[in-house]
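First up is the structure itself, then whatever we jot down about it.
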Amino acid sequence: MTEPLEDTQPSTPKKQIILNAFVMNTPGHLAPGLWKHPRNKTDQYKNLSFWTDLAQLLDKAGFHAIFIADTLGPYDVYKGPANVVPALSSGAQFPVNDPLYLVPAMAAVTKNLIFGVTASTTYEKPYALARRLSTVDHLSQGRVAWNIVTSYLDSAARNHGLKEQIPHDERYAIAHEYMEVLYKLWEGSFRDDAVLADRESGVYIASDAVREINHKGKYFDVPGPHFCEPSPQRTPFLFQAGVSEAGNGFGGKHGEAIFIGGQTPEGARPIVDNIRKIAASEGRDPNHIKVIVGISVIVAATDEEAKEKREEYLQYADTEGALALFGGWTGVDLASFSDDEDFRFSQSPRVQSIVRRWSATVPGTENLPWTKSRIVEYITLGGLQAKIVGSPTTAADQLENWVNVSGVDGFNLAHITNPGSFEDIIEFLLPELRRRKLFRSEVGDGVTAREVFLGTPRLPEDHPGSQYKWRKGEKIPQYQQGVEVS
């Protein structure tokens, strides 16, 4: 008798999950009020030791990256306009320090952890940002990633000298040209063999190996050349977050890891498929994009203990801070609604759509009213992201289901307490994921961010930035051939 196929064929290896710690340089990231919890140290965010201790914890555990979010203006919609008071007591993403300055210190005390840093194409000048990111790529030995954002807050626009935000799709048009400028600086300003550092001849950089880029476009006029010698990756590994049509189009063209939101794996699947479809239409290998979904995990030894932990966390919730975050994220001021309003039937289509998605994913709430207090409860434990509460087996089952159903490659794990949430994940969840061969057990020392995610230190040849590479042996880079450049 012929044996069954599954007994005669080797099993397909499981896809190993990417795990990033999702943090912010602020007292209250996605858990308003929890800064005062005994297992939370985010009120120490101003101290380098808080960050170096966290980086060492994550590095030793095998986390792929620490992904540092940022915002360039306060959340001032709730009880607004331009009212920052509701965010203050909970430290709800106010105040926020610059994330980039953390990286060299964390890099100095770790071997493998990657540092994803958020910076805006709308408010940062490309020439200056190129220099700063190259500097940090050097100091981290190639372990820096840039989370590209176009920014979305009216408060950020006002504080950067604009009366109102640049329209959404135009922000992305600016971002496309911005990336062209940076690719030219990072990839096409220094020839691959430009830096000699020859002590005998006394020549540091070859005289014919650095050129101006002379970029003249609709939004930017940058002559160059780049002011930093090529860093280990040249172009830092490129994260991107954006779920609009313009955002997905931008990410599918430029991004190497895309950060998405989603309440269910089934709901996230079309987003994942669309990103990979856009990448293919741009001539890229869809496998050269890693898709990462944001999620909050509360894990303990048993399901019951995890649920008890969740209830204990809720005792620290800050209502005003949660509603301030909601207003900033959605643009909707819930102060104008009554406390017993059921937002499943709200006259605000945006709020109604959000809470109906939530009610479909939170067990036991399908037929319960979604009032302000329930919105506060939801946001307090990880913001708008999907939630998992349970034992190592329960949590691992759900993460594995996310990967299998949605096609995502990994997760940005938001904390409720920091470092408490990450300590729980390390103690309870990672051993179960490793037992299932879903998470890496060994990490090679000294690899760059792009090598970890894609297996190469430089932009892949199918990436649009590669057309600007100035390769060894070329008199001038190909993108400048036929163009008069000094």
Taking [X] for its side chain and [Y] for its backbone only, find out whether a donor-acceptor pair lies under 3.5 Å.
X	Y	result
Arg344	Arg356	no
Arg269	Val405	yes
Lys309	Val299	yes
Arg350	Val332	no
Lys41	Pro38	no
Asn25	Asp98	yes
Glu124	Ala130	no
Glu170	Pro167	no
Thr52	Met106	no
Arg440	Gly62	yes

Scan side-chain atoms only and decide if [X] and [Y] contain a donor-acceptor pair under the 3.5 Å cut-off.
X	Y	result
Arg357	Ser353	yes
Asp59	Thr110	no
Ser391	Thr393	no
Tyr178	His254	no

Lys387 charged N/C atom sitting above Tyr378 aromatic ring, 6.0 Å / 45°: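 Pair Lys387/Tyr378 counts as cation-pi.
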
Over all atoms of both residues, closest heavy-atom pair of [X] and [Y]:
X	Y	answer
Ala61	Leu430	O-CD1, 3.7 Å
Ser90	Gly321	OG-CA, 3.2 Å
Thr121	Ile174	O-CG2, 4.2 Å
Leu113	Phe63	CD1-O, 3.6 Å
Asn287	Lys290	O-NZ, 3.7 Å

Spacing of [X] atom [atom1] and [Y] atom [atom2] [to the nearest 0.5 Å]:
X	Y	atom1	atom2	answer
Leu399	Glu432	CG	CD	10.5 Å
Thr235	Asp137	OG1	CG	9.0 Å
Ile388	Trp402	CD1	CH2	8.0 Å
Met179	Ile148	CE	CD1	4.0 Å
Lys253	Leu238	NZ	CG	13.0 Å

Do [X] and [Y] come within less than 4.5 Å of each other through their side chains, counting heavy atoms only?
X	Y	value
Pro86	Leu323	no
Ile68	Thr118	no
Lys36	Asn40	no
Leu314	Leu381	yes
Thr42	His29	no
Leu325	Pro32	yes
Ile260	Ile275	yes
Ser373	Asp339	no

Pairing of [X] and [Y] as salt bridge, 4.0 angstrom limit:
X	Y	answer
Asp342	Arg374	no
Asp273	Lys277	no
Asp424	Arg310	no
Glu256	Arg450	yes

Stepwise salt bridge (Lys or Arg N to Asp or Glu O under 4.0 Å) check, Arg158 with Asp76: CA-CA 12 Å; Arg158 293 193 302 270; Asp76 59 357; 2.6 Å; yes

Aromatic ring proximity His176/Tyr172, centre distance under 6.0 Å: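 Aromatic pair excluded; centres sit 6.0 Å or further apart.
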
Test applied, ring-ring contact (aromatic ring centres under 6.0 Å, His included); reference residue, Phe239; option that passes from Phe259, Trp146, Phe67: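 Output: one option passes, namely Phe67.
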
Check the surroundings of atom [atom1] in [X]: do more than 12 heavy atoms from other residues, nucleotides or ligands lie under 6.0 Å from it?
X	atom1	answer
Trp370	CH2	yes
Lys437	NZ	no
Tyr219	OH	yes
Glu312	CD	yes

Residues in side chain to side chain contact (heavy atoms under 4.5 Å, CB included) contact with Ser338, at least two apart in sequence or another chain: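 Expected list: Asp340, Glu341.
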
Worked check of salt bridge (Lys or Arg N to Asp or Glu O under 4.0 Å) between Glu400 and Arg436: CA-CA 10 Å; Glu400 188 169 7; Arg436 302 182 186 201; 3.1 Å; yes

Residues Phe411, His64; criterion ring-ring contact (aromatic ring centres under 6.0 Å, His included); working and verdict: CA-CA 10 Å; Phe411 304 92; His64 289 78; over 10 Å; no

Any residue meeting side-chain hydrogen bond (donor to acceptor under 3.5 Å, both in side chains) with Tyr45, in chain and number order, not counting sequence neighbours: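 For Tyr45 there are no side-chain hydrogen bond (donor to acceptor under 3.5 Å, both in side chains) partners, ignoring immediate neighbours.
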
